[in-house]
Amino acid sequence: MSNNLPMLTIVVPCYNEELVLEKTTQELTRVLDKLVVKNKISSKSMIFYVDDGSKDSTWEIIEKLTDINSYVQGLKLSRNFGHQGALIAGLETARDFSDCVISIDADLQDDVDAIEMFIDKFNEGYEIVYGVRDKRDTDTFFKRNTALFYYKLMGKLGVNLVPNHADYRLLSKRALDEFVKYQEENIFIRGIIPLLGFKSAKVYYDRKERFAGESKYPLKKMLAFAFDGITSFSIAPVRFVTFLGFVLVFVGIVIAIYTLCAKIFSYTISGWTSLMLSVWLVGGVQLLAIGIIGEYIGKIFKETKRRPRYTIEKNTYKER
Ligand code: UDP
Ligand code: MG
């Protein structure tokens with residue numbers, strides 16, 4: 001890295017956050033001031049609000065803040081694209097002028113004082129720093145346990161997630177450059193980041209209650225998000241159908257032998273044998289066929305993502 005101090009951009013997606021923006025700006029400004037004084041970041045560092053099509057006065061507040069606070073800049077999306085969309089918009093835009101980017105929610109649930117630890121890790125050479133919650137006691141019993149179950153399930157399906165990490169993280173410019181190569185439409189950011197590789201670190205913090213306003217993630221959105229995570233990463237459900245198909249065909253064969261023997265060696269009601277054979281064998285074959293078609297669709301699904309096939313970390317051959 002050069003001797004210049006890193007230019008940090010804090011990307012904050014905001015949807016109807018008029019109640020929290022002033023306080024959030026105060027807190028982030030305090031942290032940035034401290035880091036600038038300590039010579040850890042450039043004084044050109046930035047708080048970058050992304051207004052995700054808010055219906056309240058969020059954008060007016062952001063505009064006002066840009067006038068009175070030299071750190072603050074804003075991006076306004078044309079409509080509500082959802083948290084992940086807003087985050088990507090912010091990250092991709094910030095990539096052009098930042099050495100590193102930290103994404104954080106607007107509601108001060110994530111401890112802003114952890115930002116200094118993020119920067120320390122970055123200055124030590126880490127490209128990705130994950131913010132991991134120490135405790136989840138501010139979440140409801142339900143949210144905590146469903147989350148735990150979800151991480152387990154995702155792990156079983158082969159999706160590598162960092163437990164208790166949401167979208168509070170630092171990405172270096174380099175990591176961002178690789179991240180934007182993932183052009184898939186249904187993007188599940190926290191599943192992609194571990195795929196990038198690079199040197200990464202974790203920083204632990206306490207997650208607080210939302211400071212004001214209410215959660216923009218009701219149960220319905222949470223379930224949709226969780227389901228998205230599975231279906232945009234894994235074809236395990238399809239594979240399960242194929243497996244079931246194999247099992248049924250096997251059972252069908254056993255039943256075929258049994259019914260044929262029964263027909264030959266003992267008295268059976270007419271029609272029973274053919275019915276049993278069709279139900280089991282045909283059923284099994286059908287399920288297997290669906291599974292096989294599913295496998296091909298799974299392949300298409302992977303192809304259409306056009307994910308990068310590799311990421312280079314170092315190359316000793318330097319341009320001459
Ligand atoms: N958010 C957004 N677009 C949306 C929903 C949420 O940009 O459609 C932002 C929101 O303003 C906040 C962050 O995403 O900064 C996380 O949302 P929230 O705090 O409501 O979620 P929770 O912490 O309850 O999971
Ligand atoms: Mg929140």
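As the structure lists them, so they are numbered: ligands from 1, and atoms in each ligand from 1.
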Does F81 have R79 sitting over its ring (NZ/CZ under 6.0 Å from centre, angle to axis within 45°)?
yes

Measure from NZ or CZ of K202 to the centre of the six-membered ring of Y204, then state whether that distance is under 6.0 Å and the direction lies within 45° of the axis.
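Not satisfied by the 6.0 Å and 45° rule.
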
Atoms of ligand 1, numbered as shown, that sit under 4.0 Å from any heavy atom of [X]:
{"X": "C14", "result": "7 (O), 11 (O)"}
{"X": "E17", "result": "10 (C), 11 (O), 12 (C), 15 (O)"}
{"X": "N80", "result": "3 (N), 4 (C), 8 (O)"}
{"X": "R207", "result": "23 (O)"}
{"X": "P13", "result": "7 (O), 9 (C), 10 (C), 11 (O), 12 (C), 15 (O)"}
{"X": "Q109", "result": "19 (O), 23 (O)"}

Distance to 0.1 Å, residue and atom name: give those for the protein heavy atom nearest to [atom].
{"atom": "atom 22 (P) of ligand 1", "answer": "S215 OG, 3.7 Å"}
{"atom": "atom 21 (O) of ligand 1", "answer": "Y217 CD1, 3.3 Å"}
{"atom": "atom 20 (O) of ligand 1", "answer": "K216 N, 2.5 Å"}
{"atom": "atom 18 (P) of ligand 1", "answer": "R210 NH2, 3.4 Å"}
{"atom": "atom 3 (N) of ligand 1", "answer": "D52 OD2, 2.6 Å"}
{"atom": "atom 1 (N) of ligand 1", "answer": "Y15 CB, 3.7 Å"}
{"atom": "atom 25 (O) of ligand 1", "answer": "K143 NZ, 3.5 Å"}
{"atom": "atom 14 (O) of ligand 1", "answer": "H83 CD2, 3.1 Å"}

Is [X] salt-bridged to [Y], cutoff N-O under 4.0 Å?
{"X": "E124", "Y": "K199", "answer": "no"}
{"X": "R30", "Y": "E27", "answer": "yes"}
{"X": "D113", "Y": "K34", "answer": "yes"}
{"X": "E295", "Y": "R239", "answer": "yes"}

D105, N16, D107: member with heavy atom nearest to atom 16 (C) of ligand 1
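Minimum heavy-atom distance to atom 16 (C) of ligand 1 goes to D105.
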
Does at least one non-hydrogen atom of Q84 fall below 4.0 angstrom from an atom of ligand 1?
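Checking ligand 1 against Q84, which is what was asked, there is no heavy-atom contact under 4.0 Å.
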
Against R207, only a single residue in D111, D110, D107 fulfils salt bridge (Lys or Arg N to Asp or Glu O under 4.0 Å); can you say which?
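For R207, the salt bridge (Lys or Arg N to Asp or Glu O under 4.0 Å) check succeeds only for D110.
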
Which residue in the set K173, K181, R174 passes salt bridge (Lys or Arg N to Asp or Glu O under 4.0 Å) when paired with D177?
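Going through K173, K181, R174 one by one, the salt bridge (Lys or Arg N to Asp or Glu O under 4.0 Å) with D177 is satisfied by K173 alone.
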
Evaluate the ring-ring contact (aromatic ring centres under 6.0 Å, His included) criterion for residues F225 and F188: first the C-alpha distance (whole Å), next the side-chain angles of each, then the deciding distance (0.1 Å), finally the verdict.
CA-CA 8 Å; F225 183 62; F188 186 65; 5.1 Å; yes

Parallel, tilted or perpendicular, judged at 30° and 60°: which one describes the rings of F118 and Y168?
tilted

With Y71, the side chain to side chain donor-acceptor pair (under 3.5 Å) member among T25, D33, T29:
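For Y71, the side chain to side chain donor-acceptor pair (under 3.5 Å) test succeeds with only one of T25, D33, T29, which is D33.
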
Which is the closest N/O/S atom of D107 when seen from the Mg ion (ligand 2)?
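Nearest to the Mg ion (ligand 2) within D107's N, O and S set: OD2.
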
